[in-house]
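Notes to accompany the following structure.
Each ligand, and each atom within it, is numbered from 1 in the order the structure gives.
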Amino acid sequence: MAVNFKEQESIVEDILSVYSERAKKNRKEHIGINDKETCGTCVAKSNVKSLPGVMTPRGCAYAGSKGVVWGPVKDVINISHGPIGCGHYSWGTRRNLAEGEPAVENFVPFQFTTDFKERDIVFGGDKKLEQAIKELHELFPTAKGIIIESECPIGLIGDDIESVAKRMGEEIGIPVIPVRCEGFRGVSQSLGHHIANDSIRDFVVGKGEIDDSKKTPYDVAVLGDYNIGGDVWSSMKIFKEMGLNVVAHWSGDGSIEEMKITHGVNYNLLHCYRSMNYIATHFEEKYGIPWIEYNFFGPTKIKESIRKIAKLFDENIQEKSEEVIKAYEPKMQAVIDKYRPRLEGKKVMLLVGGLRPRHIVGAYEDLGMKVVSTAYEFAHNDDYERTTKEVENGTIVADDMNEYEFVELANKLKPDLVASGIKEKYVFQKMGIPFRQMHSWDYSGPYHGYDGFEIFARDMDLAINSPSWKLVKPLWKK
Ligand code: SF4
């Protein structure tokens, strides 16, 4: 069926009509209609400041560094350096699971903070930070590193965390890493990813001893999988079955010790391009390690990715990979046979962070569902370039879509499912629209890999076909 671009444009126009002329001009550049022929990066302007007062769904650089990149590394202590709020609100809210004895091998479940008071703003917090590092090292001697995650005030009051880190690192004999991820830097979580990647590059990469006797031709590292609900574990299963030797996974259930020896691998496999393309590029430039992107959402993309990865290796891996695909095919077909008839033709609207708005599209399509709009919080041009290939012509693609625009778009597109974050969830549920959280997997998952697809399909069915939606309107209003 031909796409009616005019109709889509008029929907967008209509939504923007409430804004002032200036705001309208700004937001119009961020909302596009996908057209594979003409649109590369141009579909939506990205990675610029949010408009004040429009309820952006974005977070800050601290969230990108501490929350996303560094937070899941289990053998280090992340200190939220500054007042209490940032550390507290981000405590345990991202489901980056990690194995290991808490407080001995695994520090992910805890919140460490310097809990700034007014006097720390007035006199500076360097002394307090030094004291905190000493205490933490005494209390948790098995931690393999201490990461200083700067909150907003640190950069504003002129503290010198770099010199504290250097001094304390020498004193306690483990890496103490300063990260300048204050929330006022950049425009979203995205710069926090970049800053965190650079801190890993400067303080971690290449620092480990590689045991040559343990090296194999199949050594790889997985970058940009944060193990949400066990995503890393369900992916590792596939890599193992393919015959690959995963030396490190960044950073879900990962460790600084693995990061230190990642420069010994033959390939880097990148799931989240947005948050870790910087470090992947560094490995390529400095150590000559090539990297490729892959997608483990839904059987179609998994199959494509397995073949793409297998091509990098010899026949042994290629044969094993075909066996993996073959072995899982009946299971995947059974999942599709069960759920597709219940989900066929259902319309989905997405708003997530920097990867999933395009990466998860294939999994929905495997179930016969159609993504009618997709939006990122903090993607860049190169993400939109990739997105345009993944979604159909006519799909509304938006950047930094705010809560008003999202609700209005739902009123117009009448989706059967909205897939987004916790801030959006209850709004749409009250509107009577089925909702799934696409950051936390709604406390379910994993969604990656073959095992993950089965759970994904079940969860989408549970949300959409729940009998509760028939009870949203009282009988006397029907
Ligand atoms: S913007 Fe500043 S105060 Fe807010 S969460 Fe980020 S670091 Fe903390």
query = When rounded to the nearest 0.5 angstrom, what distance separates CD1 in I200 from CH2 in W250?
reply = 5.0 Å
inquiry  = What's the separation between atom CG in D225 and atom OG in S235, rounded to the nearest 0.5 Å?
reply    = 5.0 Å
Within-cutoff protein neighbour (heavy atom, under 4.0 Å) for atom 6 (Fe) of ligand 1 = yes
remark   = One finds that the ligand 1 atoms under 4.0 Å from a non-hydrogen atom of C60 are 1 (S), 5 (S), 6 (Fe), 7 (S)
request  = Check whether more than 12 heavy atoms from other residues, nucleotides or ligands sit under 6.0 Å from atom OH of Y404, and answer yes or no.
outcome  = yes
request  = Decide, counting backbone as well as side-chain atoms, whether C86 has an N, O or S atom less than 2.8 Å from atom 6 (Fe) of ligand 1.
outcome  = no
ask   = Backbone, side chain, both or neither: what part of C152 comes under 4.0 angstrom of ligand 1, heavy atoms only?
value = both
query = Between H448 and H271, what is the ring plane arrangement, given parallel below 30°, perpendicular above 60°, and tilted in between?
reply = tilted
